[in-house]
Amino acid sequence: VTSSRENCLGGDCPHHKQCFVLEARKKALEADIVVVNHHLFFADVWLRDEGVAELLPACNTVIFDEAHQLPETAGLFFGETISTGQLLELARDARLEAVQSCKDYAALPEAALKLDKTTRDLRLIFAEDGGRWPLDKVRDRKGFEAAFIAASSALDELVAHLESQAQRAPGLESCWQRSRELAAAFEKWQAPLPAECVRWVEAFSQALTFNTTPLSVADVFKKQIEGSARAWIFTSATLSVKGDFAHYRKQLGLLDAPSASWESPFDYDRQAMLYSPLNMPEPNTPGYTQAVVKAALPVIAASQGRAFLLFTSLRAMREAHSLLLEAFERDSLPYPVLLQGEQSRTELLERFRTLGNAVLLGSQSFWEGVDVKGEALSLVVIDKLPFAPPDDPVLSARINQINEAGGNAFMEYQLPHAVITLKQGAGRLIRDEADRGVLMICDPRLIGKPYGRRIWQSLPPMRRSRVEAEVLAFFAAEPLADLQAGRASPELQE
Ligand code: SF4
């Protein structure tokens, strides 16, 4: 059951009095403390700004946990997105309403069917299961313009038919309003691009989205903050890069905000080790994933499974999966191997915890919000430094904007962003005072590039090593002081 702005009939609904959604909203408006996710917070901001409704009570303090995600989420809400899913839902609802409330008007279900067909045809222009492209690349695709115009005209026709029947039932009236809003959004999408925004298309397995995203949410976010007398608190373990909050502040326009870091309760030097293996090839060379698996195998054996292997691409994750299965069979290693996508994230994590010696391979979506305390997770292997792909339409527009303004997009944006993502991945390892573990970062740029130092210095202050024997000894619980760990790794000294 879902209730959205699009399908809720509000005051016209016959179940209005017993509705549990409205009841929950009423309770939220009366509460002293409301706990919501970031999306709901921004949905409330958006609805207030539009003068449509209020979901949350007025408050004097807003605390954002996991605040490193805010720039991304705010970008979604302060930008505009239309999905082909919305068109298909509208077509479906219009057909249902036609059956219920205007059986004598055959033109309506026909128009809805036409919208359904043209929308599906538009999706079929993209053979890919997923991907993000800037608008100019999409326009070059054969058939895109014609399919887009066909879907957009089918929507306009449906608007006209719905308008002619809207008086006959609240459901028809609601469909008409939705269709008008969607048609207006489509028209806006074709209008000249607003300043400092990027237009792009994303394909999912069943849908397309058409997006206009602001390159920076700093101004709009700042306006929100200045527009209300409230205390705003942003917390996360990963807001700063080497203790410096400038990147985060700039993203949200919080230039004067006081900031502070507190020491972690964990004794990283004793509990954890950062391992950067020697002799790794450059990350974009063929055979890189093989090298990652080869370097990781002895460490996985030493940690007796209990490992996350995190990859920056799904392709690398799948390749590593088959290599690992082969190697485990060849070397008779008994560790169960779990792969992202085989089951839901919750089920996979539950199995990982229960098995106690499993190896789980995942991609970016496993980097955050995963909590495995204790012995089940003792090793996190990260294949490459997580630089976002520069061909991503939003990122590439941001990079151009910074560079054109005379800045250095790599140092000001891409690097801090990668550091924050990497800290999230690293944060999976030590979740408790009793946890022990090794973070293995295979990417040789961590040591070989001048910016590598800035990255590892931003990570928690773990013991560092480039020597496999030291890592194996860590797992064998030999006293590391005796091994004088780190002596053989001058590149990793402060
Ligand atoms: S008011 Fe009616 S349509 Fe809206 S959420 Fe409640 S039951 Fe659903």
Side-chain angles (χ1 to χ4, degrees), residues 1-59 62 73-74 76-105 107-113 115-116 119 154-186 204 206-207 209 344:
V1 178
T2 60
S3 164
S4 67
R5 195 167 69 85
E6 290 170 340
N7 65 17
C8 175
L9 298 175
D12 292 333
C13 173
H15 310 292
H16 187 241
K17 288 217 169 75
Q18 308 94 303
C19 172
F20 61 87
V21 177
L22 298 185
E23 184 60 29
R25 281 196 199 144
K26 205 169 121 216
K27 276 193 187 148
L29 286 172
E30 287 162 2
D32 292 328
I33 297 175
V34 185
V35 181
V36 296
N37 63 16
H38 295 171
H39 283 77
L40 193 57
F41 176 84
F42 284 112
D44 177 60
V45 167
W46 190 84
L47 289 174
R48 275 169 200 265
D49 282 358
E50 297 281 308
V52 180
E54 291 176 8
L55 295 176
L56 303 174
C59 62
V62 179
T73 320
L76 289 177
F77 278 90
F78 295 128
E80 277 162 23
T81 295
I82 328 162
S83 158
T84 53
Q86 288 171 285
L87 297 180
L88 293 178
E89 278 170 22
L90 172 69
R92 182 202 60 200
D93 292 350
R95 278 207 308 275
L96 289 175
E97 289 298 333
V99 172
Q100 276 177 17
S101 312
C102 60
K103 279 204 186 90
D104 53 352
Y105 188 73
L108 180 57
E110 279 165 20
L113 217 55
L115 177 63
D116 186 285
T119 303
L155 176 61
D156 290 341
E157 280 173 38
L158 183 65
V159 175
H161 288 297
L162 281 167
E163 183 175 10
S164 72
Q165 304 300 308
Q167 301 302 324
R168 297 177 68 173
L172 285 168
E173 159 85 24
S174 153
C175 281
W176 174 50
Q177 295 297 355
R178 275 163 68 188
S179 67
R180 276 178 11 143
E181 282 172 22
L182 278 170
F186 260 86
F204 299 90
Q206 304 287 334
T209 57
S344 76

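Numbering of ligands and ligand atoms starts at 1, following listing order. For the numbers below, each heavy atom of this structure counts, side chains included, while hydrogens, waters and symmetry mates do not.
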For this session: With sequence neighbours left out, write down each residue that passes salt bridge (charged side-chain N to carboxylate O under 4.0 Å, His left out) with D32, or none if nothing qualifies.
Result: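 Residues passing salt bridge (charged side-chain N to carboxylate O under 4.0 Å, His left out) with D32: none at all.
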Show which side-chain atoms of residues 13-21 pair as donor or acceptor with protein atoms under 3.5 Å away, not counting sequence neighbours.
none

Under the salt bridge (charged side-chain N to carboxylate O under 4.0 Å, His left out) definition, can you give me all pairs with a residue in residues 76-87, not counting sequence neighbours?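 Residue pairs passing salt bridge (charged side-chain N to carboxylate O under 4.0 Å, His left out), neighbours aside: E80-K188.
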message = For the CG atom of L162 and the CZ atom of R168, what is their distance to the nearest 0.5 Å?
response =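 Going from CG on L162 over to CZ on R168, the span is 12.0 Å.
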How long is the span from the CD atom in E89 to the OG1 atom in T84, to the nearest 0.5 Å?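 The distance works out to 10.0 Å.
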request  = If the plane angle is over 60° it's perpendicular, under 30° parallel, otherwise tilted; pick one for H39 and F77.
outcome  =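 Ring orientation, 0 to 90° scale: perpendicular.
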Practice item. For atom 2 (Fe) of ligand 1, state whether the nearest protein heavy atom is under 4.0 Å away. Key: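 Under 4.0 Å from atom 2 (Fe) of ligand 1, at least one protein heavy atom found.
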### Query
If you draw a sphere of radius 2.8 Å around atom 2 (Fe) of ligand 1, how many protein N/O/S atoms end up strictly inside it?
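Under the 2.8 Å cut-off, the count stands at 1.
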